[in-house]
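The chains referred to below are lettered A, B, ... by the order of the sequence lines, with proteins before strands, and numbering in each begins at 1.
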Amino acid sequence: MTEIESHQPAYTNGNSSSTNGDHYKNADSGYGSQNSLPDFPRENDPTKEKSSNGNSKDAVFDEDDDIPWGQRVKKEKLKEPKPEPMDEDDDLLLKSSSEKKRDSSSSKKPKIEDDDDDDVPFIQTMAKDKAKKEKEDDDVPFVQIISKAKKETETEKKDKEKKKRKREESDNEEEYKPEKKKDKKSKSKGEESDSEDKKPKKQVKKEVKKENTTSVKRKKKEEEQEEVWEWWKDEPKSDNTIKWKTLQHKGPIFAPPYEPLPSHVKFFYDGKPMELTPACEEVAGFYARMIDHEYVTKEAFNNNFWRDWRKVMSVEEREKIIDLKKCNFAQIDAFYKEQSEKRKAMTKEEKEKIKIEKEAEAKLYGFAFIDGHKQKIGNFRIEPPGLFRGRGGHPKMGNLKRRVEPEDVIINCSKDSEVPEPPKGHKWKEVRYDNKVTWLCSWSENVLGLNKYIMLNPSSKIKGEKDYAKFETARKLKSRINNIRKVYRADWKNKEMRLRQRAVALYFIDKLALRAGNEKDTEEAADTVGCCSLRCEHIKLHEQLEGKDYVVEFDFLGKDSIRYYNKVPVEKPVFKNLKLFMENKAGADDLFDRLDTSTLNQHLSSLMDGLTVKVFRTYNASITLQEQLDELTNPKENTHQKLLSYNRANRQVAILCNHQRAVPKTHEKSMENLENKIKDKKKELKQAKTDLEKAREAEKEKVKKRVDRLKDQYKRLKINHTDKDENKQIALGTSKLNYLDPRISVAWCKKHEVPIEKVFNKTQREKFRWALDMADEEYVF
DNA sequence: ACTAAGACTTGACCTCAATGAC
DNA sequence: GTCATTGAGGTCAAGTCTTAGT
């Protein structure tokens with residue numbers, strides 16, 4: 001019999017379902033982040049000892065540090081709430097003033113060098129003690145930093161040289177120009193409008209200009225290779241339903257065919273080896289490869305797998321294999337593990353060979369030509385078959401995701417382009433010429449029946465333009481937000497329930513950056529919610545909690561079944577309305593029963609062109625970054641310290657958006673290691689200081705340098721430690737990539753003379769090329 | 001008006017290679 | 001050299017929002 005062991009999951013968050021109470025366990029292991037806009041003092045995470053002693057706002061509770069949050073609440077004296085009719089105007093006036101507070105409170109935020117921890121966001125307080133010690137050694141010379149910077153630029157140089165060599169090698173093979181010519185040819189055929197012609201002309205002009213300069217050759221080569229389409233310098237186009245004029249590409253790369261297992265690798269049924277047909281064996285292999293994963297401990301996963309596996313079995317197999325528990329996949333599992341070990345152990349040459357092959361493939365299939373411009377494709381490989389890995393309590397987890405054949409694939413390209421060839425002996429499902437969409441290929445996935453697409457990379461014009469537009473909409477919201485807030489505040493006392501619900505929901509969306517919360521099919525997806533789909537069971541109302549009035553306690557599973565847990569003081573009319581909405585309802589009833597996302601979005605678009613729920617998330621994320629950067633950055637500090645501030649600002653956004661990440665198992669150990677290093681460094685530094693005192697005059701200078709160097713190293717370690725610790729369960733990447741107007745970061749870098757590479761990696765720089773080019777240090781979101 | 005499908009963005013997870021520590 | 005750690009990049013699921021269909 002196979003061991004279907006109950007392995008410890010590698011990651012612990014996200015997989016709890018709301019029905020079994022698992023997520024409360026998760027909460028105790030540190031997942032409740034307290035998030036709201038920064039103007040709300042962030043409460044300490046009850047689950048972390050470290051965090052509970054830093055924030056003086058919560059000083060009342062210091063004595064209770066070890067008491068679970070829930071119990072603290074009981075300890076609190078419950079003041080009798082004054083039942084006031086919510087419709088009264090003075091009631092609302094009261095809120096307006098607190099709203100004002102919200103707008104100005106941000107200026108109260110402390111600088112990080114400030115010793116006073118009042119108001120420090122909870123995560124920052126975690127490293128408070130250490131940060132304080134750090135302050136002793138405030139004046140550290142720049143020597144080390146400079147030398148490190150040098151090192152980095154040197155490696156970067158090397159890197160560039162390597163790349164250049166590569167480029168030069170490949171330069172002869174493929175030229176971009178012919179494609180351009182082709183494009184022009186097709187244009188001269190008369191299909192294209194002349195307005196479209198403007199863009200390529202501009203580009204050409206630029207190239208010609210360069211040719212007249214001295215170092216023509218190299219520059220030209222580089223330019224051609226990288227081909228930056230500076231679309232943001234072009235006139236904005238009038239019709240954005242047309243996504244392209246010409247589109248040409250090579251189609252997708254399919255998953256390699258299944259390679260049957262070598263004969264010595266056996267599947268065992270009921271203790272006896274059993275030969276499987278290739279189709280059956282392949283699916284068995286999918287399962288075998290997941291044997292270590294938490295998935296195989298889940299009933300739904302096993303059931304779904306079992307059902308689908310049986311479908312691909314031959315009649316004989318189906319007759320014989322009747323119990324999953326009697327299946328032993330151990331040898332198959334071992335075989336695939338061995339394979340991956342082998343891959344790791346390959347020589348440099350072998351690895352290099354594979355790399356080159358992949359690059360060649362990417363060169364051919366990884367680019368499309370849009371309106372004559374070469375553009376990177378995002379995902380040119382079709383998803384391989386496997387078992388569906390739905391997250392949270394997804395009802396379809398473990399279902400077989402079948403292999404996609406060319407016969408499933410629709411190709412989209414322009415009529416006059418070379419239509420990609422299907423693999424030999426195959427046909428495309430369809431070739432269409434739809435320039436109202438941006439995808440190059442599509443197919444329908446069998447588990448949920450949804451369409452999948454091959455689309456362009458974020459660095460492409462098509463994606464970039466949209467991204468740019470997104471941030472422009474968010475900026476427009478900035479100029480309208482006061483008015484919009486006024487509108488929804490007024491609606492809190494609207495006669496119509498539906499409008500009141502809308503107004504309260506909008507308040508949450510604005511204040512907490514919640515997602516919209518579309519309705520979901522419970523048969524097809526995990527039970528997760530957003531704002532509009534919140535149910536009564538997801539919030540608790542506290543007239544008083546932790547010294548604050550009218551606190552709403554949120555606890556629900558959001559996107560990807562990530563838990564959202566937050567206690568938020570709200571304004572009184574909101575609180576009263578919530579009470580009203582929940583009257584005579586059961587836990588599973590919708591909180592906003594008269595509201596859905598389309599109604600809400602319709603309303604929003606009537607308030608401002610292009611406004612949807614999502615825009616609030618973008619707006620709040622970006623404005624938070626900007627405010628936090630202004631507050632946290634100290635121009636006197638060195639680059640490292642500034643970067644810590646940047647990360648902290650970024651982190652505030654990630655907290656707001658509830659972007660969590662699983663804490664790696666190795667985290668504690670890794671922190672311990674760092675702490676040891678810090679201790680060692682401190683000793684070393686102490687020694688050096690003593691040496692300095694004893695040193696003779698001639699040697700003083702030398703020893704002084706050593707002390708300085710050590711000081712710097714010590715400090716850097718500390719910063720590293722702080723940053724890491726604060727970051728342990730917060731993921732910064734998502735917000736950086738999707739919510740933060742990149743121009744804010746670019747401007748900050750310019751203003752504070754921080755190299756942009758420290759903030760955006762290569763991919764991010766490519767995606768945000770438009771922002772790098774556009775923003776100066778004056779840029780204001 | 002309502003639902004379903006389609007298109008596109010957002011998001012966590014995962015792999016792998018580079019790097020650093022020893 | 002080995003091993004652990006990190007970060008980039010890739011993967012693909014899960015959202016949002018729009019559009020099409022009835």
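- Between A:Lys401 and C:dA13, a side-chain N or O to OP1/OP2 separation shorter than 4.0 Å is present.
- Within the model, atoms CD1 of A:Ile454 and SG of A:Cys441 stand 4.0 Å from one another, a figure rounded to the nearest 0.5 Å.
- A:Arg381 has no side-chain polar atom (N or O) that falls below the 4.0 Å cut-off from OP1 or OP2 of C:dG10.
- For B:dT15, neither phosphate oxygen OP1 nor OP2 lies less than 4.0 angstrom from any side-chain nitrogen or oxygen of A:Arg289.
- The only option from A:Asp308, A:Asn446, A:Asp408 that meets the side chain to side chain donor-acceptor pair (under 3.5 Å) definition with A:Arg402 turns out to be A:Asp408.
- Each of A:Ala516 and A:Leu387 was assigned the nucleotide of DNA chain C with the nearest heavy atom; the assignment lying further toward the 5' end belongs to A:Leu387.
- With sequence neighbours left out, A:Phe367 forms a ring-ring contact (aromatic ring centres under 6.0 Å, His included) with no residue at all.
- At the phosphate of B:dA18, OP1 or OP2 sits under 4.0 Å from a side-chain N or O atom of A:Lys355.
- For A:Lys351 and B:dC16, the shortest distance from a side-chain N or O to OP1 or OP2 is not below 4.0 Å.
- Phosphate contact (OP1/OP2 of B:dC14, side-chain N/O of A:Arg389, threshold under 4.0 Å): present.
- For A:Thr528, a side-chain nitrogen or oxygen approaches OP1 or OP2 of C:dG15 to under 4.0 Å.
- Contact check, A:Thr734 against B:dA12: a side-chain N or O comes under 4.0 Å of OP1 or OP2.
- Across all strands shown, A:Gly449 has no heavy atoms under 4.0 Å from either base or sugar-phosphate atoms.
- Applying the 4.0 Å criterion to OP1 and OP2 of B:dG11, one finds that A:His659 has a side-chain N or O inside that range.
- Between A:Trp428 and A:Phe254, the angle of the ring planes stays under 30°, which puts this pair in the parallel group of the 30/60° scheme.
- Contact annotation for A:Pro384: backbone-only contact, meaning every heavy-atom pair under 4.0 Å involves sugar-phosphate atoms and none involves a base.
- Without hydrogens or angle criteria, A:Trp244 side chain to A:Val437 main chain gives a donor-acceptor distance under 3.5 Å.
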Using nucleotides 7-9 of chain B, report all nitrogen or oxygen pairs with the protein that are shorter than 3.5 Å.
{"residue": "B:dA7", "atom": "OP1", "partner": "A:Trp439", "partner atom": "NE1", "Å": "3.4"}
{"residue": "B:dA7", "atom": "OP2", "partner": "A:Tyr453", "partner atom": "OH", "Å": "2.6"}
{"residue": "B:dA7", "atom": "O5'", "partner": "A:Tyr453", "partner atom": "OH", "Å": "3.4"}
{"residue": "B:dC8", "atom": "OP1", "partner": "A:Lys243", "partner atom": "NZ", "Å": "3.1"}
{"residue": "B:dC8", "atom": "OP2", "partner": "A:Thr438", "partner atom": "N", "Å": "3.1"}
{"residue": "B:dC8", "atom": "OP2", "partner": "A:Thr438", "partner atom": "OG1", "Å": "3.1"}
{"residue": "B:dT9", "atom": "OP2", "partner": "A:Lys463", "partner atom": "NZ", "Å": "2.4"}
{"residue": "B:dT9", "atom": "O3'", "partner": "A:Lys614", "partner atom": "NZ", "Å": "3.2"}

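- Contact check on A:Lys461 versus A:Glu465 returns a salt bridge, with a Lys/Arg side-chain nitrogen under 4.0 Å from an Asp/Glu carboxylate oxygen.
- Rounded to the nearest 0.5 Å, atoms CG (A:Asn457) and CD (A:Gln375) are 9.0 Å apart.
- When each of A:Lys452 and A:Asn761 is assigned the nucleotide of DNA chain C bearing its nearest heavy atom, the one mapping closer to the 5' terminus is A:Asn761.
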